[in-house]
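Sequence lines set the chain letters: A, B, ... in the order given, protein chains first and strands last, and positions in each chain run from 1.
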Amino acid sequence: MPELPEIEVLRRSLEPLVVGTSIDSIRVWNGDLREPVDRRQLGRCRGRKILGARRRAKYLLLDLERGRTLVVHLGMSGRLTLVPATAEREAHEHIGLYLSSAQRLRFRDTRRFGLVFALPTAELVDDRHFSHLGLEPLDEGLTGVVLQRLAKGRRAPIKSFLMDGRLVVGVGNIYAAEALFRAGIHPARSAARISSSRWELLARSIRQTLADAIDQGGTTLNDFADALGESGYFKVSLSVYDRAGEPCRRCGRTIRRIVQSGRSTFYCPGCQR
DNA sequence: AAATGAACCTGTTTGC
DNA sequence: TGCAAACAGGTTCATT
C-alpha cells in the first residue's frame with residue numbers, strides 16, 4: 001500500500017494521538033515478518049514515552065524516551081492503526097503496542113513484507129536499513145541539477161531510476177508513473193537521455209505529485225488507511241496508474257500498460273515522450 | 001558498477 | 001461453477 005505519501009499521512013495522523021503516551025507493554029503474536037521480530041530488542045521500548053513521529057523514506061520512526069527509536073515499515077500490505085486496548089486481535093495482526101492511553105497500536109501485515117524493530121536513536125543513520133538511502137523528494141536538495149548528476153551514465157529507464165531507493169526515496173510504483181505523466185516523460189526513456197530542462201520539470205513534478213497525494217490523504221487502492229482507519233482519496237486523481245485501456249483525461253488517447261523490471265508501468269502514449 | 005529477474009508472502013481478480 | 005494463473009503499494013539478493 002504505502003509509498004511516501006501514505007507513510008506521511010499515517011505519520012501526521014498518528015503523531016497527535018500517541019505523542020506523550022507511554023508504551024506499557026508489547027505483545028508479539030507473530031514475529032514472522034520480512035525479518036524475524038527481535039522480541040528482546042523490542043521489549044526495551046517498554047516503559048518509554050513516545051516523544052515524536054518522524055518519517056525517512058517509507059519508514060515510520062517513533063522516537064522514544066532515553067534515546068531509542070521504534071521503526072515500522074509497512075511493506076506492501078502493512079497497516080498501523082490505533083484501536084482500543086481491549087479490541088479483539090484481528091486476522092494477521094502481528095504486534096500490539098499497548099499504550100498508557102488505554103489504546104493499542106496495532107500492526108498487521110497480511111503479506112509479511114513489513115518490518116518492526118527498535119534501535120538506539122543515535123545508530124539510525126548508520127543502520128543498514130538507512131545508510132544507503134537516497135534523497136528525500138520533499139527536501140530542498142531534490143533539484144533537476146542534482147537528479148541529472150545522479151543519472152549520469154545510467155542507461156536504465158527513467159522509471160527504474162525513480163524507484164531506486166539508493167537515488168531517490170519514497171517514490172514507488174504509483175507515484176513514479178504519475179510523476180512521469182505530469183512531466184510528460186515516457187517511462188522507458190533512458191535516464192541518461194533527459195534534457196536539463198526536463199529534469200527540472202521532473203523534479204517539480206515529483207514534488208507536486210507527492211504533495212497533492214498527501215493533501216488528499218494518500219492513495220487507497222485496497223486497504224491503505226491512516227492511524228484511525230480512514231482511506232485516502234488520491235485514487236480519483238490518478239492520471240495513469242491502473243488506468244490501462246481508459247482514455248487519457250488530457251489528450252484522450254488510450255492509457256497503456258507495459259512491464260518494466262517486473263513491475264507494471266502505466267503511461268499515456270500521447271502525453272509522454 | 002549497473003541492470004535485470006527472482007525471491008519473499010497471502011489474498012483477490014481474471015480468464016479459461 | 002471451479003480452478004489455475006496472474007497480479008498486487010516494497011525491498012533485497014543473485015546473476016549477467
Side-chain angles (χ1 to χ4, degrees), chain A residues 1-11 29-37 55-60 71-80 90-94 107-117 127-134 137 149-180 187-193 206 209-210 213-214 216-226 231-238 240-245 257-266:
Chain A
M1 15 168 89
E3 301 183 34
L4 184 151
E6 288 72 39
I7 306 305
E8 183 59 26
V9 166
L10 173 63
R11 188 196 71 73
W29 284 287
N30 179 354
D32 201 9
L33 296 174
R34 191 172 92 218
E35 294 168 13
V37 173
R55 179 192 56 75
R56 170 70 170 125
K58 298 168 187 165
Y59 293 88
L60 179 75
V71 181
V72 178
H73 193 289
L74 299 185
M76 288 277 240
S77 56
R79 284 175 69 129
L80 191 66
E90 74 176 357
H92 303 290
E93 181 171 0
H94 286 75
F107 176 85
R108 82 136 210 242
D109 182 6
T110 316
R111 289 177 72 183
R112 297 195 263 133
F113 292 161
L115 279 180
V116 178
F117 62 96
D127 183 80
R128 64 192 167 83
H129 299 93
F130 301 96
S131 58
H132 66 286
L133 292 179
R149 183 162 334 132
L150 286 175
K152 214 157 191 187
R154 293 191 179 261
R155 283 186 279 175
I158 181 62
K159 195 225 184 191
S160 307
F161 174 95
L162 292 182
M163 290 180 65
D164 187 337
R166 295 166 303 181
L167 307 170
V168 180
V169 301
V171 181
N173 211 32
I174 294 177
Y175 298 109
E178 293 297 310
L180 286 168
R189 175 174 287 271
S190 160
R193 291 188 54 257
I206 293 167
T209 303
L210 298 176
I214 291 169
Q216 292 173 60
T219 300
T220 298
L221 292 180
N222 291 311
D223 55 1
F224 167 72
D226 70 13
S231 298
Y233 293 94
F234 195 68
K235 186 177 180 186
V236 298
S237 301
L238 294 176
V240 289
Y241 184 83
D242 207 19
R243 296 196 64 235
R257 173 185 180 271
I258 57 174
V259 175
Q260 295 180 292
S261 302
R263 313 292 301 271
S264 289
T265 301
F266 302 89

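For dC9(B), its base sits under 3.5 Å from the side chain of R111(A) at one donor and acceptor pair at least.
Listed nucleotides: dG9(C), dG11(B), dT11(C). Nearest to the side chain of D223(A): dG9(C). Comparing atom distances between the R257(A) side chain and each of dC9(B), dT4(B), dC7(C) picks out dC7(C) as nearest. Across dG10(C), dG9(C), dT12(C), the shortest atom-to-atom separation from the side chain of F113(A) is found for dG10(C). Residue N222(A) has its side chain nearest to dG9(C) when only dT12(C), dA8(C), dG9(C) are considered. Closest approach to the M76(A) side chain among dG10(C), dC7(C), dA3(B) is made by dG10(C) (side chain taken as heavy atoms from C-beta onward). Candidate nucleotides dT10(B), dG10(C), dA3(B) were compared by shortest atom distance to the side chain of R154(A), and dA3(B) ranks first.
No side-chain heavy atom of Y175(A) sits under 4.5 Å from any side-chain heavy atom of I206(A).
Of the possible donor and acceptor atoms, one in the side chain of E3(A) sits under 3.5 Å from a partner among the backbone N and O of I174(A).
Rounded to whole Å, the separation between the P atoms of dG5(B) and dC7(C) comes to 14 Å. dA1(B) and dT11(C) have their P atoms separated by 22 Å, with the value rounded to a whole Å.
A sub-4.0 Å separation between OP1 or OP2 of dA7(B) and a side-chain N or O of R34(A) is absent.
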